[in-house]
Amino acid sequence: MPELPEVETVKRGLAPSMEGRLLTRLELRRPDLRFPLPADFAARVEGRRIVSLSRRAKYLLIDLEDGLSILSHLGMSGSYRIERQDETGLPGQFHMARSRDEKHDHVIFHLDGPDGDSARIIYNDPRRFGFMDLVERRNMDQHAAFAGLGPEPVGNALDADYLASRFKGKAQPLKSTLLDQRVIAGLGNIYVCEALWRAHLSPAKPAGALVSAEGRPVTALEDLTFAIRTVIAEAIEAGGSSLRDHIQADGSLGYFQHSFNVYDREDEPCRTPGCHGTVQRMTQAGRSTFYCSVCQV
DNA sequence: ACTACTCCCTGCCAGC
DNA sequence: TGCTGGCAGGGAGTAG
């Protein structure tokens, strides 16, 4: 589920329940996720205060006092949910209904607030493609997860000139090039499909075809850059506006239904105004690509 | 250096 | 009703 906008929404949803609180206990219900959890994980973080939540690419960062951060990647199926202390104030009572796949609750953050109110933040991940690590913030860029990572799609670093420099000479299809986190950080299968649809570009087109002989971006690359930035910005906006309802629903964060224009719409009509095409599906690099063969060229 | 493919894990759904 | 195969929003590792 989680691409950059979903992780950003999770961060915003968790922040009010985590920032400023004391991490009293880290409950590890198994020794590993996708990879082994860091050595002495609980001992290194327990008793520290959470100063802020941040995000880089698809990584959620729980920044602790004293310069240490917990790095959390949600993989394909990771999600967080919040369990607050019961409003009645009974100690140890939580009003959340138990999730039916509680067996996949792998990591539980026990938090104390300034007024003694407590909360639990629960990481659930059925497929265990997610992982966590500990990193000193001053060494953040050297961490394997961040070394070589491309720019954020909504930051100032992403523009058509940058993409031209990365696309130049590439025979690789646009689809797999945009999925490469070293080119742009945070795009996943859904938003790559959506961005290419918006820019009316074929996912199979070689990335290098969007660069002139002089290394300059052609118009289509300007369009693609704009499409990437807007599709991500709008998804973050949509996630934010759905956040309140979503937490109210069941305390979970990270699963909210957006409406997509091409993703998972095989055989349905293309939504490009005036286009009478039908959404197609093909496999590229082992992943499904959804596109309109009429207006994406 | 590029590019393509496989695999990690569990759940779900369509089709038989 | 069960079973089976295919597929899932990520990314690391490996092999050409």
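The structure displayed is predicted, hence computed values, not measured ones. The sequence lines fix the lettering, A, B, ..., with proteins before strands; numbering per chain opens at 1.
When the nucleotides C/dA12, B/dA4, C/dC7 are ranked by their closest atom to the side chain of A/Tyr59, C/dA12 comes out on top. Side-chain proximity of A/Ala171 to the nucleotides B/dA4, C/dG9, B/dT3 is greatest for B/dT3. Taking only side-chain atoms of A/His104, from C-beta outward, the nucleotide of C/dC7, C/dA12, B/dG11 with the closest atom is B/dG11. Here C/dC7 is the nucleotide among C/dG11, B/dG11, C/dC7 with the atom lying nearest to any side-chain atom of A/Arg281.
Between A/Lys170 and B/dT3, a side-chain N or O to OP1/OP2 separation shorter than 4.0 Å is present. Close to C/dG11, at under 4.0 Å from its OP1 or OP2, lies a side-chain N or O of A/Lys58. Not one side-chain nitrogen or oxygen of A/Lys168 sits closer than 4.0 Å to the OP1 or OP2 atom of B/dC2. Listed pair A/Tyr263 / C/dG9 meets the phosphate criterion, a side-chain N or O lying under 4.0 Å from OP1 or OP2. Proximity of A/His73 to the phosphate of C/dG11: a side-chain N or O atom is located under 4.0 Å from OP1 or OP2.
The structure places CG of A/Leu210 at 15.0 Å from CZ of A/Arg166, a figure rounded to the nearest 0.5 Å.
The P atoms of C/dT14 and B/dC9 are separated by 16 Å, rounded to the nearest whole Å. Using C1' as the reference atom, C/dG9 and B/dT3 are 23 Å apart when rounded to the nearest Å.
Distance, A/Glu8 CD to C/dG9 C1': 17 Å, rounded to whole Å. Atom CD1 in A/Ile190 sits about 12 Å away from atom C1' in C/dG10, given to the nearest Å. Rounded to a whole Å, the CG atom of A/Leu33 is 17 Å from the P atom of C/dG10. Going from atom CD of A/Gln181 over to atom P of C/dG9 covers 14 Å, rounded to whole Å. One atom, OH of A/Tyr191, and another, C1' of C/dG9, lie 9 Å apart when rounded to the nearest Å. What separates CG of A/Asp125 from P of C/dG11 is a distance of 13 Å, to the nearest Å. Remark: P of B/dA4 and CG of A/Asp180 are 12 Å apart, rounded to the nearest angstrom. If you take CG of A/Leu178 and P of B/dT3, they are 13 Å apart, rounded to a whole angstrom.
Mapped onto DNA chain B by nearest heavy atom, A/Thr177 and A/Arg127 fall at different nucleotides, with A/Thr177 at the one closer to the 5' end.
Pairing analysis of DNA chain B (Watson-Crick: purine N1 to pyrimidine N3 plus N6-O4 or O6-N4; G-U wobble: N1-O2 and O6-N3; both under 3.5 Å) yields stems of 3 or more pairs at B:2-8 with C:10-16, B:10-16 with C:2-8.
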Pairs of donor and acceptor atoms involving the side chains of residues 290-297 of chain A, under 3.5 Å and at least two apart or interchain, shall be tabulated with distances.
unit_1	atom_1	unit_2	atom_2	d
A/Gln296	OE1	A/Cys292	N	2.8
A/Gln296	NE2	A/Leu196	O	3.3
A/Gln296	NE2	A/Leu201	O	2.8

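Look at A/Arg84 and A/Asp117 and you find no salt bridge, because none of the NZ, NE, NH1 or NH2 atoms lies under 4.0 Å from a carboxylate O. A/Glu8 and A/Arg12 are joined by a salt bridge, as a carboxylate oxygen and a charged side-chain nitrogen come within less than 4.0 angstrom of each other.
When the side-chain hydrogen bond (donor to acceptor under 3.5 Å, both in side chains) test is applied to A/Glu65, no partner is found at least two apart in sequence or on another chain. The side-chain hydrogen bond (donor to acceptor under 3.5 Å, both in side chains) check on A/Arg49 picks up nothing, with sequence neighbours excluded. For A/His106, the side chain to side chain contact (heavy atoms under 4.5 Å, CB included) partners are A/Arg30, A/Leu33, A/His104, A/Asp125, A/Arg128, not counting sequence neighbours.
Within residues 283-291 of chain A, the residues that place at least one heavy atom under 4.0 Å from DNA chain C are, in residue-number order, A/Arg287, A/Ser288.
Put simply, the side chain of A/Arg128 and the base of B/dC9 share no donor and acceptor less than 3.5 Å apart.
A stacked arrangement is assigned to A/Phe129 and the six-membered base ring of C/dG10, with a centre-to-centre distance below 5.5 Å and an interplanar angle below 30°.
In this structure, the side chain of A/Gln172 does not engage the main chain of A/Pro206 through any donor-acceptor pair within 3.5 Å.
Among A/Val231, A/Leu178, A/Leu179, the one residue that satisfies the side-chain contact (heavy atoms from CB on, under 4.5 Å) test with A/Tyr191 is A/Val231.
No donor-acceptor contact under 3.5 angstrom links the side chains of A/Ser176 and A/Gln284, judged on distance only.
Using the six-membered ring where Trp is involved, A/Tyr263 and A/Phe260 have ring planes that are perpendicular, over 60° apart on the 30 and 60° scheme.
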